[in-house]
Every structure is written in structure tokens, then in C-alpha cells.
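All ligand and atom numbering here is 1-based and tracks the order in the structure. The model shown is predicted, which means the values in this text are computed figures rather than measured ones. Reckoned from all heavy atoms, side chains included, excluding hydrogens, waters and symmetry mates. For this chain, numbers begin at 1 and follow the sequence in order.
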Amino acid sequence: MSQPIHIIGGGLAGSEAAWQAACAGVPVIVHEMRPVRMTEVHKTADLAELVCSNSLRSDDAQANAVGLLHEEMRRAGSLILSAGDANKLPAGGALAVDRDGFSATITRRLEAHPLITISRAEVTGLPPTDWRNVIVATGPLTSPALATAIQQLTGETELAFFDAIAPIVHLHSIDQTVTWRQSRYHKAGPAGTGADYINCPMTSVQYQAFIDALLAAEATSFKDWEASTPYFDGCLPIEVMAQRGRETLRYGPMKPVGLCNPHAPDQRPYAVVQLRQDNILGTLWNMVGFQTKLRHGEQVRVFRTIPGLERAEFARLGGLHRNTFLNSPKLLDAELRLRAQPRLRFAGQITGCEGYVESAAIGLLAGRSAAAQPRGERWLPPPPTTAFGALLAHITGGHISAAAEDARHSFQPMNVNFGLFPPLEAPSHDTSGRRVKGKERGLARKRALSARALADLDRWLAAPATCAAAQ
Ligand SMILES: Cc1cc2nc3c(=O)[nH]c(=O)nc-3n(C[C@H](O)[C@H](O)[C@H](O)COP(=O)(O)OP(=O)(O)OC[C@H]3O[C@@H](n4cnc5c(N)ncnc54)[C@H](O)[C@@H]3O)c2cc1C
């Protein structure tokens, strides 16, 4: 029998990784510290505990990227999805679950699997050198001792303990008749062209109205256990900056200097919101310096008052939370292995994906890739046209890191969304030859992306090293 895979953390990612590896015939030891040591948010000893909402979000595989990821996971024999389906509750188009039943199902199946051993103990440092095949899936609340050891291995700035997420907008929803492309002072920098930012201009009246809206908008607060986590002055939420003075943002992320609006060359903008390309595909654009703790609904309302963003579709909304995540695009290879020490794979939220489903999906891929190693097989990552592949490609290289981002790395956690997929032209006519426009066209584009993803996924799964469906 081959050497076991050691999986540290029996959460969403670790549980799925264990299932996939064991299904591939490789023995697994899951090291889970609960209930011996609890995190600030987990309440039970169960594996794959849902720490907050009981929803795995949309189950619409045709028009929603997370719904598509559900379907891909089902086809790949996911334990998490199978337990979700077995414990589902009425929730419209969403897959909501009975949380206790969900985690109990997963715990029972993993405990019953003949190739899986569960060890209830904290791993307090880097795994011993004789653990040759390790998956670290310790999540956003990785215990401090292990987090410190990982940080020593990766370098201080490469493991973050707080995320500072600025909203991300789909390029196709930005009004290009109002905005223009230009870097400040046309500077090209090491990798640019001098036209690397999308600029949204504001008049004085628009700026003052925006500040009023920002100050009046409702924000979420830090939880008690989050409040003690240090975060840098350089990533203050924009609403906090606005509270420090009405002009603060105009001297910070919204400064209008070095920019000239070709739509109105005689008028100097009073303030400018800049968006920077966020992924190599160029489909997603990040609102520079706009990390925020405003409620999601408020973000959409307030940010759509910005000229050029009136119809913005957000791939991700802003937030600031306690988290633990690696600068994965720099540190991990395409198989989620630490470049500096390839015996260590990472999975789940610690890789910089965001959400229960995404964490489990990355766990699924890590489990399969780790299982291929002792069997002497070459693991091919899923095609980037699938939801699995799009998410994996983003966290292992698809994100573009900004050069000057203080001491922090600019990579921030990401949900799965259609902006991560290689673009596809939406069909311009329906099957009856009628022209498709507006929202209908957007829907047609998502359907086309989903259909391509599932066809490519089936081809990938048909390759030899696939896992039997969860029973
Ligand atoms: C407060 C909070 C609320 C969230 N709410 C949602 C939500 O509503 N919806 C959503 O989609 N996502 C949510 N998330 C984000 C994320 O999806 C979840 O945290 C998800 O559980 C991540 O999965 P994971 O497997 O990476 O980590 P986890 O599920 O947290 O699993 C990690 C496991 O590792 C164990 N562990 C940690 N350190 C060690 C160690 N040294 N040795 C052994 N075991 C260890 C932990 O006990 C835990 O069981 C939330 C995150 C947080 C922090």
C-alpha cells in the first residue's frame, strides 16, 4: 500500500480532498484539531461544519457560475455536493442544507471509508519531513502555530491574516462612452502601455453627492474576535477615509492628477475613480483602493452613482475580514503545490478562493492531484473553460498582481464567477433567427459558457484517473 496522504484540516476542502483521494485508492490521514482545539467560529466536532450561512448558493447550472460549479462537482463525484443534495431544504433556486445533517453525513461517510483515518489533533508546525504528500486545508482560521510556521516558510508578506477586498466589475458592463483608458501621466511602468487604467471622471457636484451617499450608507462591523487582528492603515475602508474628511478620498484613491479626459479635454475632472485590470483575460476590473465594509446592497447602490458604472455588474463586492490566505499566484504551481516545497499542497480558502463551494472544489482538485502522485500518474488540471479550471487558473496564476501594493500582496480572495472564464461571444440570434439583445444576450452568453464548460468537463473526467460518484 502506498504512503498515506496527510490532510491537515477536516473542513470543506479537507473533507472533499480526503474523499477524492480515498476514492482513487490512496490511503488518507485527516488531521483535524476540533474538538481538542476549537476555532473562534466552529461550534461542533463535525467535519465540514458550515460556520455561518446554511446556503451553498445558486444551484442554477445554466446561468450562474456557482451553480455550474455545483454541477461540475456532482459529475466529479463530490462528497460535499452529494451530502448537500441529501440534506437539502426548500430555498428557491439556491441549494440550502440542514447544516447538522450535512456535516453529520460527511463525517459518517469519511469515518466509514476503509482508506480514511481521522486523527483529532492540532498540527502545530510544518509537517514532519517523512510526510511526503501533504494537503494543508486549514482554512481562514488556521491555528496560529501552524500559520506562523507557514509564514516563516513563505515569507512574511506572502501569507495575509486579513483580506481587504475592493469590488470587481465585469468589463462589458462599464460604459466606455464616459470612461477612458489612461495610466497616470501616461506612465507605462515595467509591464504597462500607458493606458492601463479605466478612469471614471466626476465633477465637483457628483463627487459631493458621492461622499454624501458613502457617509449615509450602512456598513457592517467587525466581529469581536476580528477586531483584535491588526490591519494596515494603507487599506482603510473608503467609508472610513470619507469620515476622516470630505476631501480625503480626493487626495487618496480618487485623486484626479495626471489624467486628462478625452471626452471633455477642456474640463479637469474634480475626482477620478480608477479601475485596474484584475485578471490576465482582461474581463475583470478592480476598483482601485475601494476596499469597504459597506453592506453589499449599499455597495451596488452607491457605486452605480459613479459615472461610467451606472450599469456595473459586480463579479465580487468589497469586504474586509479576518482571513488567512497565501499569495497563491506567486507561491503555488498549477497543481496547488508550494513551489518552494512541492510535498505541500494547499486547498480551500487558504489558497485565496472564497466560499464553501469554491473551497470544496479546490479541495476536490487537490485530492485528485495528490492521489495521482503515489500512483505514478500525471495529473492534468481541468481545462480553463470549466468552472473548476477557471477558478484554479485564477488562483494559481490568472490574477494580475499590482507592482506597488505596500507590504501586502494585491491578490485577494475570489468567488467563482463568469468573468474568470475565457470569453465567448454571446449568440447574436436565437434559434428562430430573432436578434437577442440586452439582458437576454447576457443570459445567452452565460448559457453558452456553461454548455462549453460541461462539454469540456466531461472530456476531462473521461480521462483515466477519475473518481467514482459518491454513494
Ligand atoms: C466567520 C466566517 C463566516 C463565513 N461564512 C461563509 C458563508 O456564509 N458562506 C460561504 O460560502 N463562505 C463563508 N465563509 C468562507 C469559507 O467558505 C469558509 O470559511 C469555509 O469553511 C472554508 O473552507 P476550508 O475548508 O478552507 O476551511 P474550514 O472549513 O474552516 O476548515 C478548516 C479546518 O481546519 C482545522 N484546522 C485549522 N488549523 C488546524 C491545525 N493547525 N491542525 C489541524 N486542524 C486545523 C479547523 O478546525 C477546520 O475544521 C466564512 C468564513 C468565516 C471565517
Where's the contact between Ser55 and ligand 1, heavy-atom distance under 4.0 Å: side chain, backbone, both or neither?
-> neither
Shortest non-hydrogen contact between Ala360 and Ile80, atoms and distance | CB-CG1, 3.8 Å
Where ligand 1 meets Leu12 - atom numbers and elements under 4.0 angstrom, heavy-atom basis | 21 (O), 23 (O), 25 (O), 29 (O)
So the atoms of ligand 1 within less than 4.0 Å of a heavy atom of Gly348 turn out to be 26 (O)
State plainly whether the residues Asp59 and Arg74 are in salt-bridge range, i.e. N to O under 4.0 Å.
-> yes
Supply the atom-to-atom distance Leu336 CG to Ile395 CD1, rounded to the nearest 0.5 angstrom.
-> 5.5 Å
Which residue supplies the protein heavy atom nearest to atom 53 (C) of ligand 1, what is that atom called, and how far is it?
-> Pro140 CG, 3.9 Å
Interfacing atoms of ligand 1 (cut-off 4.0 Å, heavy-atom, Gly355) = 10 (C), 11 (O), 12 (N), 17 (O)
Please work out whether the ring planes of Trp460 and Trp379 are parallel, tilted or perpendicular, with thresholds of 30° and 60°.
-> perpendicular
Tell me which protein heavy atom sits closest to atom 37 (C) of ligand 1, plus the residue, atom name and distance to 0.1 Å.
-> Thr138 O, 3.5 Å
Taking all non-hydrogen atoms of both residues, which atom of Glu335 and which atom of Ser369 are closest, and how far apart?
-> OE1-OG, 3.2 Å
Should we count CZ of Arg339 as having more than 12 external heavy atoms under 6.0 Å?
-> yes
Enumerated ligand 1 atoms positioned under 4.0 Å from heavy atoms of His31 = 43 (C), 44 (N)
Taking atom 27 (O) of ligand 1 as the reference point, the nearest protein heavy atom with its distance = Gly139 CA, 3.3 Å
For Ala13, the atoms of ligand 1 under 4.0 Å from one of its heavy atoms are 25 (O)
Is the shortest heavy-atom distance from the side chain of His70 to the side chain of Leu56 under 4.5 Å?
-> yes
Does a side-chain heavy-atom distance below 4.5 Å link Ile150 with Phe346?
-> yes
Atom 11 (O) of ligand 1: closest protein heavy atom, distance to 0.1 Å, is Tyr356 N, 2.8 Å
For ligand 1, which atoms, with element, lie under 4.0 Å from some heavy atom of Leu146?
-> 41 (N)
Using a strict cut-off of 4.0 Å, indicate which atoms of ligand 1 neighbour a heavy atom of Ile8.
-> 42 (N), 43 (C)
Any salt bridge between Glu49 and Arg99, counting N to O under 4.0 Å?
-> no
Decide whether an N or O pair under 3.5 Å exists between Glu354 and ligand 1.
-> no
Please find out if less than 6.0 Å separates the ring center of His172 from that of Trp285.
-> no
Closest to atom 44 (N) of ligand 1 among protein heavy atoms sits Met33 N, 3.2 Å
Minimum-distance protein heavy atom relative to atom 38 (N) of ligand 1 = Ser143 N, 3.2 Å
Run the ring-centre check on Phe290 versus Phe303 and record whether the distance is less than 6.0 Å.
-> yes
for atom 31 (O) of ligand 1, nearest protein heavy atom and its distance come out as Gly11 CA, 3.1 Å
Quick one: nearest non-hydrogen protein atom to atom 51 (C) of ligand 1, plus distance?
-> Val51 CG2, 4.1 Å
With no hydrogens and no angle check, do the side chains of Thr292 and Gln299 hold a donor and an acceptor under 3.5 Å apart?
-> no
Is ligand 1 under 4.0 Å from a heavy atom in the side chain of Thr39, in the backbone, in both, or in neither?
-> side chain
Nearest non-hydrogen atom to atom 46 (C) of ligand 1 belongs to which of Glu40, Glu32, Gln349?
-> Glu32
Taking only non-hydrogen atoms of Ser53 and a 4.0 Å limit, the atoms of ligand 1 in range are 8 (O)
